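Because the structure is a prediction, the values reported are computed rather than measured.
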Amino acid sequence: MHGLSHLQTGSTLEALTQATIIFILAVAIVISNLIVVATYLNFKGPHEVINYYLLSLAVADLLCGLFIVSLSVYPAFYGDWVYSNVLCRMVGYLEVTLWSISVYTFMWISVDRYLAVRKPLRYETIQTKTRCQCWMAFTWISAAMLCSPPLLGYNRADYNKVTHICMLEWGTIEAYSATLAILVLGPSVISIVYNYGYIFTMMRKVRSGAPIHDKEYATALAENLANPSHCMSFALVFSFWISWTPFIGLRIYELVTGDTIDNPLLHFAAVWIGILNSFWKIIIMTTMSQQFRLLVRLLFLTICCKTKGRQQAELIGLETDD
């Protein structure tokens with residue numbers, strides 16, 4: 001009897017701990033991405049094209065925090081899915097859709113950085129605000145459509161009591177699952193590897209003093225390579241894949257070997273380390289982008305209703321740094 005009571009106490013403590021961790025993650029993800037979204041929307045001056053992609057990422061992460069992470073807090077404490085089956089399926093669908101949007105957006109970011117280095121003299125005419133917004137709209141619509149079969153009843157979603165998230169059962173439609181993985185990961189991974197490989201190759205070439213005969217091109221190239229957005233965007237991409245590597249590796253191992261690793265803590269950690277990536281972005285952007293730091297300061301000046309003169313000073317400082 002004493003042993004049973006001790007077991008129940010330990011189980012309750014574990015559930016409370018996991019629910020608390022998820023709650024803290026939900027608050028951190030929602031607040032951090034609200035700041036990012038508000039920061040970009042608040043600034044009325046000219047934006048770099050990459051900022052629209054970063055805004056798209058922040059919106060995807062914000063939706064993840066609101067409708068995936070937040071809805072996992074109470075089930076983690078209770079030990080079961082307490083909402084409707086329809087909502088469980090919607091959460092599973094949203095997970096895959098938002099993840100696909102993030103992967104595609106990182107691909108477009110790598111393409112944007114590649115064009116800035118590959119065609120520095122024509123970059124501003126190639127990468128316009130309107131074109132960028134069209135690509136983002138296309139990304140959201142195509143990802144929503146590619147991941148739509150779960151909503152049509154082709155597979156079901158189950159609540160995972162170990163990770164405390166509703167996940168779609170992709171094993172019931174293996175051919176479609178493989179096709180979706182190829183369509184999402186194939187072009188994205190290839191583009192990211194090639195584009196950043198080219199960017200870092202050109203960085204080494206310029207630093208080594210390799211001769212470039214076209215002086216106008218050389219000047220524009222050197223200016224574009226000095227933009228910290230290259231390294232910042234690479235850090236964002238790198239942190240995303242590093243965060244999801246434990247989960248992807250675990251899934252691949254189980255699929256290849258056919259064995260299920262019976263370690264609840266390992267599965268819980270793998271999933272939530274991946275989701276934690278939705279919070280890391282603001283840390284990377286704040287650390288590596290002076291422009292973003294200035295935009296955040298401008299946001300808080302606006303919120304605090306400081307004088308228009310101080311806001312204008314902030315804008316002048318931002319434009320000077322650009």
Asker: Is it the case that the side chain of Y93 and the backbone of A144 share a donor-acceptor pair, with hydrogens and angles ignored and the cut-off at 3.5 Å?
Answerer: yes
Asker: Which atoms form the tightest heavy-atom contact between L94 and L63, and what is the distance?
Answerer: CD2-O, 4.4 Å
Asker: Minimum heavy-atom separation for A60 to I101, with atom names?
Answerer: CB-CG2, 4.4 Å
Asker: When you check the side-chain N and O atoms of Y123 and D112, is any donor under 3.5 Å from an acceptor?
Answerer: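 Yes.
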Asker: Treating W108 as the side-chain partner and V111 as the backbone partner, does any N or O pair qualify as donor plus acceptor under 3.5 Å?
Answerer: no
Asker: Could you check whether any side-chain N or O of S188 sits under 3.5 Å from a backbone N or O of L185, counting only pairs where one atom can act as donor and the other as acceptor?
Answerer: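 Not confirmed, S188 side chain does not pair with L185 backbone.
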Asker: Give the minimum heavy-atom separation between S110 and N195, together with the two atoms involved.
Answerer: OG-ND2, 3.0 Å
Asker: Are P228 and Q290 side-chain neighbours, meaning at least one heavy-atom pair lies under 4.5 Å?
Answerer: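 Side-chain contact under 4.5 Å: no.
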Asker: Testing F247, F279, F106 for ring-ring contact (aromatic ring centres under 6.0 Å, His included) with F240, which one passes?
Answerer: F106
Asker: Does T125 offer a backbone N or O that forms a donor-acceptor pair with the side chain of T128 under 3.5 Å?
Answerer: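 No, because the side chain of T128 does not come within donor-acceptor range (under 3.5 Å) of the backbone of T125.
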Asker: With no hydrogens and no angle check, is any side-chain donor or acceptor of Y159 less than 3.5 Å from a backbone partner on P75?
Answerer: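 It does hold such a pair.
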Asker: What are the two closest heavy atoms between W272 and T163, and how far apart are they?
Answerer: NE1-O, 2.9 Å
Asker: Give a yes or no on whether the backbone of H164 and the side-chain of S72 come within a donor-acceptor separation of less than 3.5 Å.
Answerer: yes
Asker: Looking only at atom types and distance, does a side-chain atom of S70 sit under 3.5 Å from a main-chain N or O of G65, one as donor and one as acceptor?
Answerer: yes
Asker: Would a distance-only check, ignoring hydrogens and angles, find a side-chain to backbone donor-acceptor pair under 3.5 Å from R113 to S233?
Answerer: no
